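As structure tokens, the structure follows; a few thoughts come after it.
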Amino acid sequence: MPGTINILVGTMTGTAEIVSEDLQEALGEEGWEVELILMDDLDESVFDRAGVFLICSSTYGQGDVPDNAMGFYEGLKKNRPDLGHVRYGVIALGDSTYHDTFSFGGKRFDELLTELGARRIGDVFVHDASSDAVPEEVGVEWARAWAEGLGGEKADAAD
């Protein structure tokens with residue numbers, strides 16, 4: 001088995017959760033153990049879990065993280081835990097008609113996790129709701145390539 005992927009979901013209208021459910025199914029078919037975790041009531045202890053992390057977040061308001069992710073995000077900003085042991089990827093969902101804040105929900109998580117010492121694997125995947133691309137389809141395609149890119153790094157490594 002390749003290892004564990006923990007998908008942390010920040011959603012407002014449910015799109016990020018739908019994308020994450022499709023990712024869970026597709027990556028599970030490839031042998032990964034995939035845990036889908038809504039960001040409601042999360043704190044930094046979630047990063048004590050084995051495996052790598054995949055942040056899947058929509059964007060809300062003026063480029064904010066979704067309501068269900070706000071407490072988690074603000075807690076990380078306030079407590080500033082050392083996340084040097086964390087490896088992660090990001091799926092940032094947004095709408096380019098809001099060009100000044102396009103996909104900032106996921107981008108804000110990426111910036112904060114990097115500041116706290118976590119190491120991103122691969123590029124941030126950005127989906128534009130104004131495009132014709134179905135987020136679940138392109139998200140699964142990206143996630144499969146991302147998971148392959150984990151390569152020789154053991155996905156269960158906690159340190």
Side-chain angles (χ1 to χ4, degrees), residues 5-24 26-27 34-47 49 51-151 153 155:
I5 298 174
N6 301 286
I7 303 175
L8 306 184
V9 184
T11 192
M12 198 72 185
T13 62
T15 303
E17 188 172 5
I18 291 167
V19 169
S20 297
E21 288 169 351
D22 283 9
L23 297 176
Q24 182 179 35
L27 294 172
V34 184
E35 297 289 330
L36 193 149
I37 308 163
L38 292 173
M39 291 186 193
D40 307 73
D41 304 319
L42 283 186
D43 62 28
E44 64 200 60
S45 68
V46 72
F47 293 114
R49 299 172 68 96
V52 296
F53 295 84
L54 183 54
I55 307 297
C56 184
S57 179
S58 61
T59 303
Y60 188 69
Q62 301 297 313
D64 297 318
V65 300
D67 286 355
N68 84 312
M70 190 58 75
F72 179 49
Y73 179 82
E74 291 298 328
L76 291 173
K77 275 181 65 173
K78 178 183 175 192
N79 297 331
R80 306 206 56 80
D82 177 1
L83 299 181
H85 65 286
V86 173
R87 293 177 306 124
Y88 72 96
V90 176
I91 293 178
L93 305 175
D95 187 331
S96 64
T97 59
Y98 302 95
H99 64 278
D100 290 340
T101 58
F102 176 52
S103 296
F104 271 30
K107 291 176 182 177
R108 286 182 191 272
F109 269 108
D110 179 46
E111 184 178 287
L112 180 58
L113 292 177
T114 298
E115 283 177 20
L116 299 176
R119 186 166 56 98
R120 188 180 73 232
I121 307 297
D123 294 327
V124 173
F125 173 74
V126 176
H127 178 266
D128 181 1
S130 291
S131 73
D132 290 334
V134 177
E136 305 92 287
E137 292 174 6
V138 293
V140 164
E141 182 179 318
W142 176 87
R144 284 184 171 138
W146 177 79
E148 282 181 25
L150 295 173
E153 298 186 53

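Please read these numbers as outputs of a predicted model, since none were measured by experiment.
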Side-chain atoms of residues 71-79: list all donor-acceptor pairs with protein atoms under 3.5 Å, sequence neighbours left out, distances to 0.1 Å.
from: Asn79; atom 1: ND2; to: Glu44; atom 2: OE1; distance (Å): 3.2
from: Asn79; atom 1: ND2; to: Gly75; atom 2: O; distance (Å): 3.3

Using 0.5 Å steps for rounding, measure from the [atom1] atom of [X] to the [atom2] atom of [Y].
| X | Y | atom1 | atom2 | result |
| --- | --- | --- | --- | --- |
| Leu116 | Leu112 | CG | CG | 4.5 Å |
| Glu111 | Leu113 | CD | CG | 10.5 Å |
| Gln24 | Leu36 | CD | CG | 5.0 Å |
| Thr114 | Arg119 | OG1 | CZ | 11.0 Å |

Pro66 to Ser57 - nearest heavy-atom pair and separation
CD-OG, 3.3 Å
Taking all non-hydrogen atoms of both residues into account, name the closest pair between Cys56 and Val19 and its distance.
SG-CG1, 4.1 Å
Side chain to side chain, [X] and [Y], heavy atoms closer than 4.5 Å:
| X | Y | answer |
| --- | --- | --- |
| Leu38 | Glu17 | yes |
| Trp146 | Val52 | yes |
| Glu115 | Arg80 | yes |
| Leu42 | Ile37 | yes |

Determine whether Leu8 and Leu54 satisfy the following criterion, side-chain contact (heavy atoms from CB on, under 4.5 Å), listing intermediate values before the conclusion.
CA-CA 6 Å; Leu8 306 184; Leu54 183 54; over 6 Å; no
Step by step, would you call Tyr88 with Asp110 a side-chain hydrogen bond (donor to acceptor under 3.5 Å, both in side chains)?
CA-CA 9 Å; Tyr88 72 96; Asp110 179 46; 2.6 Å; yes
Between Ile91 and Ile55, does the side-chain contact (heavy atoms from CB on, under 4.5 Å) criterion hold? Intermediate values first, please.
CA-CA 6 Å; Ile91 293 178; Ile55 307 297; over 6 Å; no
Could you walk me through whether Val34 and Leu23 pass the side-chain contact (heavy atoms from CB on, under 4.5 Å) test, one step at a time?
CA-CA 9 Å; Val34 184; Leu23 297 176; over 6 Å; no
Without swapping roles, check the side chain of Asn6 against the backbone of Glu35 for a donor-acceptor pair under 3.5 Å.
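No, because the side chain of Asn6 does not come within donor-acceptor range (under 3.5 Å) of the backbone of Glu35.
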Are any side-chain N or O atoms of His85 and backbone N or O atoms of Phe47, one a donor and one an acceptor, separated by less than 3.5 Å?
yes
Glu21: partners by salt bridge (charged side-chain N to carboxylate O under 4.0 Å, His left out), with sequence neighbours left out
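Applying salt bridge (charged side-chain N to carboxylate O under 4.0 Å, His left out) to Glu21 gives none.
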Using the rule side chain to side chain contact (heavy atoms under 4.5 Å, CB included), only one of Val86, Ile5, Leu83, Ile7 pairs with Phe53; which is it?
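Among the candidates, only Val86 passes.
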